[in-house]
Amino acid sequence: MQIQKPKGTYDLTTKDAYQRTYLENFIRKIFDSYNYKEIRTPTFENTKLFKRSIGEETDIVSKEMYSFNDGEFTLKPEMTAPVIRAYVENRMFNDAPHQKLYYISNMFRRERPQAGRFREFSQFGAESIGSGEEMADAEMILLADAILNEIGLKNFKIRINSIGTIEERSIFIISLREYLIGFEEDLSNDSKRRLVINPLRILDSKDPKDLEILENAPVLYEYLSEDSKKHFESLIELLNSISDKLSIDYKLVRGFDYYTSTTFEFISSAIGSQNALLGGGRYDMLAEHLGAKPTPAIGFAAGFERIEMALKAESAIIPDGSELLLYVCSAGENPRSRILQIITSLRSKGIKCETDFLGRSVKSQMKEADRMKAKYVIVLGDNEIESNSAEIKSMFDGSVIKIEGLDKIINYLKDED
RNA sequence: GCGGAUAUAGCUCAGUAGGUAGAGCGUCAGAUUGUGGCUCUGAAUGUCACGGGUUCGAGCCCCGUUAUUCGCCCCA
């Protein structure tokens, strides 16, 4: 039997790969203009890093990690913990009190694959480390918004919330649990389980019965301190330029233990049930937890696959690398070495050109030139080589220009790009 | 981890009551000597996912496996 790719992985063949690279480069430019610096970390990390940061009880750590070497190492399931680990390990806090970092990388989680969910997937993300100011929250969200906008996405919404400090939250969790225990029999099975493991997650249950019960449940926001509320309210003000797509959702909680204060999600309605294009939040305790002095930070991660799905759903156009400036048709055997000289010379000047490798008829070569979306075609046969002249044809309108001197072809190419 | 669906040419899919496969698109080649896009003609390509069973005979029925897909959970 044929060998197949592992479950939940995918190949990006030529055009898809080109589009992915295009998006990556596009995103890099935006990160650069926001003065975010790239950071790269290993593909695998010490398993303890994820257990300590994401949380032992989360689904990711408890059952979705690709671990090996007797569990010592794990393929990274997310990037925030590795970035902070690297930040601490490299003493980056000594370089500057505020660091803005970004990454583009693939992640691994042993989940059941689904639309928009893979076992190996690609993310880009940013971490703003060292500032607890609302400015940092605002910039992070505006950056995320700018990237999705400039990529060409139109239809996405932003949900935002504050889940407060660990102390504020733990008091809330006690109240929430007390309230929910009164309805335990009526809760969905999932929520019964969550009542023990992570009651907070019951808040974003989709079960209709759960939703009914939640209507009169305690509200997390009311348990926040004045400082936390003030931070959140100031942030919302700073985000007034994008208020049209912003919706405050007091039930938005996130799955990683390290989140505190601000949390947010960018969602698309066009890509099925895995609708989060991007998610993030503040994690003010993580760096300290991993060995640094107290260091507030905020970040986000976005999924390439989901963004690409959304772009496709919106029929956005992304270059796929299929255009060609010049196709050189060969007629007869003699011109081949001259053609090789000519295209090599053109290529050295950055001209994207192609010729035939199969000894086909001129007609077939023309068809190929058309399929490759060549802007110009030139046919070189014995006559042209001998007279050192040829005709260059525009594939757009079929017009023809006479060329004198085959080494001057480049002068006749009008690259409209 | 749980539930539903699907698996036939490179792609999208037909395949009638079980009798050993078809279309469109794409690819390739032609339609007077070296010139594309439209049209026409022709060609190639399938262990009908894999393994087993029922049957004289299975792409069609049954069982198993694998993969894909949609949803739950979770998340990007």
Side-chain angles (χ1 to χ4, degrees), chain A residues 1-10 13 54-55 57-64 77-80 104-125 144 148 188-191 193-194 197-198 201-202 204-207 210 253-256 259 265-268 271-280 299-310 324 327-332 335 356 358 360-384 390-398 400:
Chain A
M1 202 166 70
Q2 235 182 43
I3 297 172
Q4 296 170 301
K5 65 187 180 310
K7 185 198 283 274
T9 63
Y10 58 86
T13 57
I54 302 171
E57 299 301 324
T58 61
D59 280 19
I60 289 181
V61 169
S62 65
K63 59 186 187 193
E64 295 175 357
E78 63 105 40
M79 266 300 265
T80 299
I104 294 178
S105 185
N106 36 191
M107 310 294 157
F108 306 86
R109 291 180 201 168
R110 225 190 110 85
E111 296 181 276
R112 182 83 175 259
Q114 200 180 308
R117 196 170 73 185
F118 301 88
R119 289 185 163 186
E120 179 179 5
F121 58 101
S122 290
Q123 292 188 330
F124 62 87
L148 296 192
S188 65
N189 287 333
D190 283 323
S191 289
R193 185 173 53 80
R194 285 184 285 220
I197 299 170
N198 188 354
R201 289 225 67 92
I202 297 177
D204 59 7
S205 171
K206 292 164 194 161
D207 184 89
D210 287 356
V253 292
R254 312 216 75 241
F256 300 156
Y259 281 116
E265 246 179 38
F266 286 51
I267 54 176
S268 162
I271 57 171
S273 77
Q274 305 304 314
N275 62 357
L277 298 169
L278 182 153
F300 74 75
F304 273 101
E305 296 81 2
R306 292 184 188 175
I307 287 171
E308 285 161 351
M309 282 170 73
L324 197 63
Y327 189 98
V328 181
C329 290
S330 124
D356 171 69
L358 300 173
R360 287 180 286 189
S361 67
V362 170
K363 189 189 191 86
S364 292
Q365 292 181 62
M366 286 299 295
K367 283 187 181 175
E368 177 161 68
D370 188 56
R371 184 154 32 84
M372 289 182 171
K373 297 181 189 157
K375 286 186 177 162
Y376 297 98
V377 167
I378 188 165
V379 179
L380 298 183
D382 294 330
N383 297 340
E384 287 79 6
E391 287 181 337
I392 188 162
K393 176 172 181 174
S394 161
M395 294 295 271
F396 175 67
D397 56 13
V400 163

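Protein chains get the first letters and strands the later ones, always in sequence-line order, with residue 1 at the start of each.
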Round to a whole Å and report the spacing from [atom1] of [X] to [atom2] of [N].
X: A/R119; N: B/U69; atom1: CZ; atom2: P; answer: 12 Å
X: A/K5; N: B/U68; atom1: NZ; atom2: C1'; answer: 8 Å
X: A/M366; N: B/G37; atom1: CE; atom2: C1'; answer: 9 Å

Tell me whether the side-chain N/O atoms of [X] come closer than 4.0 Å to OP1 or OP2 in [N].
X: A/S364; N: B/A29; answer: yes
X: A/K373; N: B/G37; answer: no
X: A/Q114; N: B/G71; answer: yes
X: A/R110; N: B/C73; answer: no
X: A/R194; N: B/C74; answer: yes
X: A/K7; N: B/U66; answer: no

Using only heavy-atom distances, decide whether a donor-acceptor pair under 3.5 angstrom links the side-chain of [X] to the base of [N].
X: A/Q274; N: B/G71; value: no
X: A/K393; N: B/G36; value: yes
X: A/R254; N: B/C75; value: no
X: A/Q4; N: B/A49; value: no
X: A/D370; N: B/G37; value: no
X: A/R117; N: B/A76; value: no

If you measure only the distance, is there a donor-acceptor pair under 3.5 Å linking the side chains of A/Q114 and A/S273?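 The criterion, which ignores hydrogens and geometry beyond distance, is satisfied for A/S273 and A/Q114.
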
Within the 3.5 Å criterion, strictly below it, is a donor on A/Y10 or A/E305 matched to an acceptor on the partner's side chain?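 Looking only at side-chain atoms, A/E305 and A/Y10 do form a donor-acceptor pair, the distance falling under 3.5 Å.
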
Looking at A/R117 and A/E111, would you say the former's side chain and the latter's main chain have a donor-acceptor pair under 3.5 Å?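 Not at all, since once roles are kept as given, no pair shorter than 3.5 Å links the two residues.
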
Does A/M107 offer a backbone N or O that forms a donor-acceptor pair with the side chain of A/E78 under 3.5 Å?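 Looks like no, no N/O pair under 3.5 Å.
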
Using the side-chain heavy atoms of [X], tell me which of these nucleotides is nearest: [options].
X: A/K363; options: B/U35, B/G71, B/C74; value: B/U35
X: A/F256; options: B/C75, B/G34, B/G37; value: B/C75
X: A/V379; options: B/C74, B/G30, B/U35; value: B/U35
X: A/R306; options: B/G71, B/G37, B/A76; value: B/A76
X: A/M395; options: B/C73, B/C74, B/G36; value: B/G36

Could you state the interatomic distance from [atom1] ([X]) to [atom2] ([Y]), rounded to the nearest 0.5 Å?
X: A/M395; Y: A/D370; atom1: CE; atom2: CG; result: 4.5 Å
X: A/R306; Y: A/F266; atom1: CZ; atom2: CZ; result: 15.0 Å
X: A/R193; Y: A/R201; atom1: CZ; atom2: CZ; result: 10.5 Å
X: A/F124; Y: A/L278; atom1: CZ; atom2: CG; result: 6.0 Å

What is the base-pairing partner of B/G59, counting Watson-Crick and G-U wobble geometry with both distances under 3.5 Å?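 Looking at the geometry, B/G59 pairs with no nucleotide.
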
Counting only Watson-Crick pairs (N1-N3 plus N6-O4 or O6-N4) and G-U wobbles (N1-O2, O6-N3), all under 3.5 Å, who is the partner of B/A31?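 In the structure as shown, B/A31 has B/U39 as its Watson-Crick or wobble partner.
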
If you measure from the [atom1] atom in [N] to the same atom in [M], how many Å do you get, rounded?
N: B/C61; M: B/U8; atom1: P; result: 15 Å
N: B/A14; M: B/A7; atom1: C1'; result: 15 Å
N: B/C13; M: B/A17; atom1: P; result: 22 Å
N: B/A29; M: B/U6; atom1: C1'; result: 37 Å
N: B/C60; M: B/G19; atom1: P; result: 11 Å
N: B/G53; M: B/G57; atom1: P; result: 12 Å
N: B/U41; M: B/G51; atom1: P; result: 39 Å
N: B/U20; M: B/G59; atom1: C1'; result: 9 Å

With a non-hydrogen cut-off below 4.0 angstrom, is [X] in contact with a base, only sugar-phosphate, or nothing?
X: A/G125; result: nothing
X: A/L277; result: sugar-phosphate
X: A/G280; result: nothing
X: A/G398; result: base
X: A/Y10; result: nothing
X: A/E78; result: nothing
X: A/R109; result: base
X: A/E384; result: base
X: A/A369; result: nothing
X: A/F304; result: nothing

What's the shortest heavy-atom distance between A/A301 and A/Q123, and which atoms?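 Of all heavy-atom pairs spanning A/A301 and A/Q123, the closest is CB-OE1, 3.7 Å.
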
Nearest heavy atoms of A/I267 and A/A276, plus distance in Å: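 Reported closest heavy-atom pair: CG2-CA, 4.0 Å.
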
For each nucleotide in nucleotides 3-13 of chain B, reading 5' to 3', give B when a protein heavy atom comes within less than 4.0 Å of its base, S when such contact involves only the sugar-phosphate, and - otherwise. B----------

Going by side-chain hydrogen bond (donor to acceptor under 3.5 Å, both in side chains), name the residues that satisfy it together with A/S191, two or more places apart in sequence or in a different chain.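 side-chain hydrogen bond (donor to acceptor under 3.5 Å, both in side chains) check on A/S191 returns A/S188, A/R194, A/D210.
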
